[in-house]
Structure formats: structure tokens, C-alpha cells
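Read through the structure below, which is laid out as C-alpha cells, and then see the notes.
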Amino acid sequence: MARPAPLSGFPEWLPGQRMVEQQVIDSLRGTFESWGFAPIETRAAEPLGELLRKGEIDKEVYVLRRLHAEESEAAGTDATEAARQLGLHFDLTVPFARYVLENAGKLQFPFRRYQVQKVWRGERPQEGRYREFCQADIDIVGAGELPFHHDVEIAQVMTEALAALPVPPLTLQLNNRRLIEGFYLGLGAEDVPAVMRAVDKLDKIGPDGVRDLLLAAGLKDGAATACLELAGIVTADSSFADRVAALGVEHELLNQGIAELVAVVDGAADLAGDRVRITADLRIARGLDYYTGTVYETRMESLEHLGSVCSGGRYESLASDGAHSYPGVGISFGVTRTLGPLFARGRLSASRDVPTCVVVALPEEAMRPACARVAAALRRRGIAAEVAPSAARFGKQIRYADRRGIPFVWFPGEGLSGSVKDIRSGEQVEADAADWAPPEQDLRPRIVVTDSDGD
RNA sequence: GUGGGUGUAGCUCAGCUGGUAGAGCAUCUGGUUGUGGUCCAGAGGGUCGCGGGUUCGAGUCCCGUCACUCACCCCA
């Protein structure tokens, strides 16, 4: 094929979409920094052994190889070589853990950072699932210990950050692993992970399917019923605590988990609103990995099928160098997962395809320097301007701007004077490039949100 | 990795039981030698994903392959 085909799972946006994405990232960054999170960027590649620690060999990691690598180097003939091989990072948490260990002596704890970067996963792409995508992470990590109130803070920061984004309303779903583990232990469950795995499938296979799995995991019928009742508890405030108590299960972990979840829900509720709602949702378990306490997930209204667009939680040992362990709590927003489907459905776009606010028309090629001075005068005052590409008929020059959604065309007169036309209304006024300014809302491309699917 | 679906113009698609490739939109040009969008006229653009097979003849039927896509798995 003469024309290259797109690579599945490696999305590339058009300029207008990229401008939207950049504004979203800028917005996140603004919120994160206002809460004191420091920016870092970690390298794209990590030793394979680092990426796959804890025997997580099922992760679909992209392996990196030099074209001229030696045979032994390429094949990874022994364990040492394999560990030395490089892979593209699968998330931002593992590289961050490595970074914390590496720089522990130079960082001050508790250390709070944000990180917005691409990550790579070799899984089969689907809507909202990519092989190369952007994540925005915040984490707070302590040396030795990390007070619980940071769990509350993480929920608050992300609630505020998400509320500022031009996306459909979101629901932050909160739960606590101690709560559900304590509950299962109180019920006498022996294989707690199996129970969690079963309950986690509630959305997919329904209550009856989950019951079968629970019975298979060794639970008695009454205990299975109790698990399903627990998983059915969803409240917008801390009233979930009474409903859990009403189930009559006793365990110390359970009580601790309830107390923690109450604190997170109450704390986040202060910052919630129409754009981001808060729920205590006791079916949320978050896979089986390193989470130990608070867990977060987020669903987007009308796009619930995408799954969670922002999730994370508490992990007792983010990193450990043997002598010290570093507990942390963090959450990750899926920038590409959220924006991609909205772009595809035409629900999110930019008011124009380029940053340009004004095209300076070019009456004849010899006037290019004069026109360039007009553009420079506008630019000096923060108004993005470009000179028309050729001295075509003015009709064509106007069309050049129109095609790109550029709102203004400047027809030069003497020096910096001229007349400027709003090509949407057709209104044209005399102006001077030394002091004319567009309306505030036209200065930069705006994000346009469409409520329903458009075309 | 497993299973289904789909590959024809830049985009959306038509193309009958095999008979020499079409439409709409978009693009470009002109009507309109300095103020666009409407309208009219015209033009460019396709190894029908790729390879093989059946046939006098394949976009069409068969096999393979690749890509895209949906679901499972997993997850942002």
C-alpha cells in the first residue's frame, strides 16, 4: 500500500484534538501543582526484571531490543540477561517506585509528585483500550509510614482535578480493601483473593454467576448471600457504614476499613458536585495487585462500558530496599482512555484546528514584509497571527482562514492600520494592530463539548 | 493469545445468479483578476488489502495471508 495504514492501538490525534488534549493536561497539571505535587518524568524504558517483579509474567510488556544486539543479549539466554533486557513501562507506578528508591537520599518525605506520560501495553486494542496511551498519575509516598489522611487528600485532589475537565459527569467510586477483606474473614472465608475475584465480576456475570463462584471458593450459602449483599451497597455518603453493620459480621479489619472509608467519603464529598459525584461502592475491589486499603475507581456517564477511567489506591509497600519500605497512595487518570472515545463520538473538539487567531491577508507578494510587521505587532500582545500563504484573491485568503476555523482576517492598510473582519459574522471594522484585540473567548481555541453523539 | 465480523476513491458506502469500476460528500479549477460560505460547470483521484486457485473472463466464487474491528483475558 502506498499510503501507510494506522497502527491499531497507537492513536494519533489531529491538531484540533491534540490542542484539546494539551488543554486537559494543562488543567490537570494546574490542579496538581496547586496542591503541591511536584513534576517528574521517568525514562520510558526499565529493566524487564523491574517491570515484571513479583512474577507478574502475564503483563503484556513491549520489549526493547537494539537492532545490532549480540545474540546472547537479544535472546536473554539466562536469568541475568533477561533481567537486564529493557521494556517500555507498563504504568507509571512501577517506574516511580524505582525512582523513589534510586533518589531516596535526595527526596524529602512524604514525597508528593505528579507525572503525565505515555505508557505501553501489548494487549489487544479496543475502544478505550490502547497499546500506547497517556496517563496522569499523582502519588504520595512516605518513608517507613504514611499517615492515612493522605488517602483522603488523594481523593480530594483528583475530585477537584476531574471536576475541571470538559468531559461528561464522573462518579468516583470508593472502597477499602480492609473493609471487604475483614468482612470475608469475618464470614469465615479461607480463600479471600478468590472471593474478591468473584465479587469483582459482578458487573459482568451478575449475582447468580458470582454466587456460583463464591460457592466454588468454599463459602457456605449464607456467607455467599452476605457477600452479595455487601457488594450491593452503594451510597453517596457515609451511611454505608450502618448498612454494613446491619449485616452483622464482626472482624477487626472490617471495623478499621469502615472507619477509613467513612473518612475518605466524607472528605471527598466536600469537593464533589455536579461534575464529579462521590459514592462508597462496596463492590469495587481493583484486581489483585498491591492495594491494601483505600481503592478508587471512576466511571464516566454515558460511557460506563469503558470501565474505570481513573483508578488507584493505597499500597503498604510501593517500594522497598530491604532496610526501608515506602508506603504510598495514588491514583491515575487515563487521559487517552477518556478523550479517545469522546473524540471518536464527536463529543469533544476544538473551536478551530489551529492556534491562529488572525490571518493577515496579503494583497501582493511585495507586501509580505509589511504584513509580517502587522502579524508581529499582534503576536507581541499575545494574539496568534500568521500571514496568508500567497497573494491569492481575497476570497481565497478568507477561505484559507475559514477552513481552519480561524475567526479573523486582517486587511492591511498603512503601517499597522487596516481593517479586521470577523469572518463568522462578516462584520469588518477599522483597526490598528498596535491596540486591537479580539474578544477574550476568541483569543485561543476553545474546547467544544457536545452533549450527545454528533457527527 | 482465543473466537466472530469487515477490507472497493481522502470520507461514507453501492456494485444482482461472475461479463472491462460507481454515487454522495470532500478536494482542486473556472464562472467571480482582491472580501469566502450559496449556486452552476468541469477536473483530478482506485494495483477493488495482498498472494494464490477455479474460469474464456473474478471486486464478485474458493484457499491462504495481512490489516482493521468487536468480544474474551486484562486494565487507564
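Sequence lines set the chain letters: A, B, ... in the order given, protein chains first and strands last, and positions in each chain run from 1.
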Just the dot-bracket of RNA chain B, please: which string comes out with Watson-Crick or G-U pairs under 3.5 Å, [ ] for crossing, | for another strand?
-> (((((((..((((.....[..)))).(((((.......))))).....(((((..]....))))))))))))....

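Side chains of P166(A) and V24(A) form a contact here, defined as non-hydrogen atoms less than 4.5 Å apart. Using a 4.5 Å heavy-atom cutoff, the side chains of L28(A) and F333(A) are in contact.
When heavy atoms are screened at a 4.0 angstrom cut-off, Y400(A) is found touching no nucleic acid atom at all. Counting non-hydrogen atoms under 4.0 angstrom, C310(A) reaches the backbone sugars and phosphates but no base. Counting any heavy atom pair closer than 4.0 Å across all strands shown, K201(A) reaches sugar-phosphate atoms only and no base atom.
Side-chain N/O atoms of D402(A) and base N/O atoms of G36(B) include a donor-acceptor pair closer than 3.5 Å. Within 3.5 Å, a donor on the side chain of R337(A) pairs with an acceptor on the base of C75(B), or the reverse. Judged by distance alone with a 3.5 Å cut-off, no donor-acceptor contact links the side chain of Q397(A) to the base of U35(B).
Annotation: E440(A), atom CD; neighbour count of heavy atoms from other residues, nucleotides and ligands within 6.0 Å does not exceed 12. Few gaps surround CZ on R379(A); more than 12 heavy atoms of other groups in view lie less than 6.0 Å from it.
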Salt bridge (charged side-chain N to carboxylate O under 4.0 Å, His left out) evaluation trace for R18(A) with D353(A) | CA-CA 9 Å; R18(A) 174 58 174 162; D353(A) 298 327; over 6 Å; no

Protein-nucleotides 40-44 of chain B N/O pairs under 3.5 Å:
none

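The side chain of S311(A) places an N or O atom within less than 4.0 Å of a non-bridging phosphate oxygen (OP1 or OP2) of A76(B).
Rounded to a whole Å, the CD atom of E127(A) is 17 Å from the P atom of A76(B).
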Mark up nucleotides 27-34 of chain B, 5' to 3', with B wherever a protein heavy atom is under 4.0 angstrom from a base atom, S wherever such an atom reaches only the sugar-phosphate, and - elsewhere.
-> SSSS-SSB

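The minimum heavy-atom distance linking E33(A) with P39(A) is given by the pair OE2-CG, 4.4 Å.
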